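The structure under discussion appears below in the form of structure tokens.
Computed from a predicted structure; not experimentally measured.
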Amino acid sequence: MRSKAFALAVIGASISLALAQRAARAEQQPAPAQPGAPASTSGLDLAALDRTADACGNFYQFACGGWLAQHPLPADQSSYGRFHELQERNNEILHQVLEQASSAPTDADTRKIGDYYGSCMDETAIASKALTPLDEDFKRIGSIATAADLPVVLAALHSKGANVFFSFGSSPDFKDAASVIAVVDQGGLGLPDRDYYLKDDANSQKLRQEYVAHVGRMLQLAGDPAAQADAEAQAVMRIETALAKSALDRVSRRAPANVYHKMTTAELRALTPAFDWTAYLRDLHVPAAAAINVSQPEFMKGMNAVLASTPVADLKTYLRWQMLNGNANFLPKPFVDESFAFTKVLTGAREQRPRWKRCVDYTDGDLGEVVGKAFIAQAFGAEGKTRTLEMVKAIEHAMDKDIQEIAWMSPETRAQAAAKLKSVANKIGYPDRWRDYSTLRIVRGDALGNSQRANVFELHRQLAKIGKPVDKSEWAMTPPTVNAYYNPLENNINFPAGILQPPFYS
């Protein structure tokens, strides 16, 4: 989603910059700006301008300098812009919604989001449980006697959201966009990207040292003696580095052909003889499928070599670490603080975000369409969807007129462009059909359990799509999200209500 956010930001910035000078000339005496609202009849926030800058010499400073001066980088952020500013305002609304739902739910849905949020906020209850919410997972990991035991264990851990060895899910088939196919992809790294393990500059070497020390401290918090934890951290680094060497870099992954390799399960088994896919697919309850998109065959071969050559004790350490790392947000405060300490190294953020902001994010992430209903009622409404659709239709009409007048297009190309424009589906504000979370069990006082059950719910929802037609009405973002995207596999635009507000829309 980051690349889509960047693309949208570039488009918005281009439009704003092109209009800024004209608005500045037209309105030399603007009224005082209200936070987040247009400050002029042009719809532009003129307080964002720096009129002392030479627009011809530094147009960015002219267009954005006023806003930058008024918004220094917050201590809990590694970057900040108007996307972040609006998301913070949306989160204030969600904060009120979730506090109310936590204390006085009005129905089953609000009780669900209230109990999830309230459990997340209850640090005392989380501390009292210590690591017991992970006992079942640690016992399962401890039962591994040989590498042959891994597939069944990985199926259980993957269902709970663990990032171990690889990822498994579903996606529209690149070459048959009307149907959903199973997808197995590279994964299993604790650092953000494979290059963090492979670059040899001084900063990368130092960061890897910091990472190993961090892994060791987390394992010590989990009860391992210091010397043992240090040795275990080195084992984790060896495994993750080996996986990274087989992984495809992010630039190469942008080419669809590089991440599409349709195979039968028999062909997948031949790639990874050390891994029993039959047992894994059975225990993950994956629907029978004629084919799987093995996104990265070379990665799967590399993973097979890791499984075949790594001592079982090290494999178990790696799995324990990934469970601690993936669930640190819902563990006692020492784990949360240690996790943030390494985040500071990665991002440069100086302070941890307040607990309520993190819990708002987690609730939106796991129950986003329930949270979204309440957000829509307060910040958007049905009339907001109608207004925006009218605007989109006007834009499409203007685009169609441009297409018909473009001289450099051949008649055939012009016809195809017009046909594609006409077939674009407009998804505005929020889904026409809300997601049903009735089978997801949320228990007050069980923060980590709620998170894991939400992961199980979502993975099984995704897996159930395999072999079925693509549901083009489904959203990949929650309604309060400040972002938007175009889905090329479905030819639809998706504008959540979260971004359809000032300063992006008025």
So which atom in [X] and which in [Y] form the shortest heavy-atom distance, rounded to 0.1 Å?
X    : Y    : answer
A418 : D400 : CB-OD1, 3.9 Å
S170 : V180 : CB-CG1, 3.6 Å
G188 : E240 : O-CG, 3.9 Å
Y197 : L191 : OH-N, 3.0 Å
A177 : V470 : O-CG2, 3.2 Å
I93  : A379 : CD1-CB, 3.9 Å

Should Q501 and V482 be marked as a side chain to side chain contact (heavy atoms under 4.5 Å, CB included) after you check the CA-CA gap, both sets of side-chain angles, and the distance that decides it?
CA-CA 9 Å; Q501 303 174 64; V482 180; over 6 Å; no
Can you measure from [atom1] ([X]) to [atom2] ([Y]) and round to the nearest 0.5 angstrom?
X    : Y    : atom1 : atom2 : result
N325 : S339 : CG    : OG    : 6.0 Å
H84  : N91  : NE2   : CG    : 11.5 Å
Y505 : L500 : OH    : CG    : 6.0 Å
L94  : R89  : CG    : CZ    : 13.0 Å
M399 : L421 : CE    : CG    : 5.5 Å
R269 : N304 : CZ    : CG    : 13.5 Å

By the definition side chain to side chain donor-acceptor pair (under 3.5 Å), identify the one residue from H95, Q87, E88 that meets it with K357.
E88
Donor-acceptor pair, side chain of [X] and main chain of [Y], under 3.5 angstrom:
X    : Y    : value
Q296 : N258 : yes
T272 : L268 : yes
T363 : C359 : yes
Q186 : L248 : yes
N90  : G498 : yes
R414 : M409 : yes
E267 : T264 : yes
D107 : T110 : yes
N455 : S159 : no
K373 : D109 : no

For the salt bridge (charged side-chain N to carboxylate O under 4.0 Å, His left out) test, which of R435, K427, K465, R433 pairs with D471?
R433
If the threshold is 4.0 Å, N to carboxylate O, is there a salt bridge linking [X] and [Y]?
X    : Y    : result
R253 : D185 : yes
D173 : K262 : yes
D432 : K385 : yes
R82  : E85  : yes
E390 : K393 : no

Could you check whether any side-chain heavy atom of [X] comes within less than 4.5 Å of a side-chain heavy atom of [Y], counting everything from C-beta outward?
X    : Y    : result
V97  : V371 : no
F62  : D54  : no
P431 : E369 : yes
R353 : D361 : yes
I493 : Y485 : no
L189 : Y196 : no
F375 : D364 : no
T388 : F495 : no

Kindly indicate, with the supporting measurements, whether the criterion side-chain hydrogen bond (donor to acceptor under 3.5 Å, both in side chains) is fulfilled by E458 and Q462.
CA-CA 6 Å; E458 179 59 19; Q462 295 293 339; 2.7 Å; yes
Before you tell me yes or no, could you show the steps for F166 and F275 under ring-ring contact (aromatic ring centres under 6.0 Å, His included), namely the whole-Å CA-CA distance, both residues' side-chain angles and the distance that decides it to 0.1 Å?
CA-CA 12 Å; F166 61 89; F275 191 82; 5.6 Å; yes
Looking only at side-chain N and O atoms, does D436 offer a donor or acceptor that is under 3.5 Å from a partner on S438?
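Yes, because at least one side-chain N or O of S438 sits under 3.5 Å from a partner of the opposite role on D436.
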Side chains of N293 and S295: do they bring a donor and an acceptor to under 3.5 Å?
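On atom types as modelled, these side chains do not qualify, holding no pair under 3.5 Å.
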Between I428 and V392, does a side chain to side chain contact (heavy atoms under 4.5 Å, CB included) hold up when you go through it step by step?
CA-CA 9 Å; I428 305 297; V392 168; 4.1 Å; yes
Report the C-alpha separation of F330 and N450 in whole Å, then their side-chain angles, then the decisive distance to 0.1 Å, and conclude whether the side chain to side chain contact (heavy atoms under 4.5 Å, CB included) test is met.
CA-CA 10 Å; F330 297 98; N450 291 336; over 6 Å; no
So W434 and Y430, would you call those rings parallel, tilted or perpendicular, with 30° and 60° as cut-offs?
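Ring orientation, 0 to 90° scale: parallel.
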Other residues, nucleotides, ligands: >12 heavy atoms within 6.0 Å of [X] [atom1]:
X    : atom1 : value
H460 : NE2   : yes
M391 : CE    : yes
R355 : CZ    : yes

Test side chain to side chain contact (heavy atoms under 4.5 Å, CB included) on W277 and I292; report intermediate values, then the result.
CA-CA 12 Å; W277 285 99; I292 297 174; over 6 Å; no
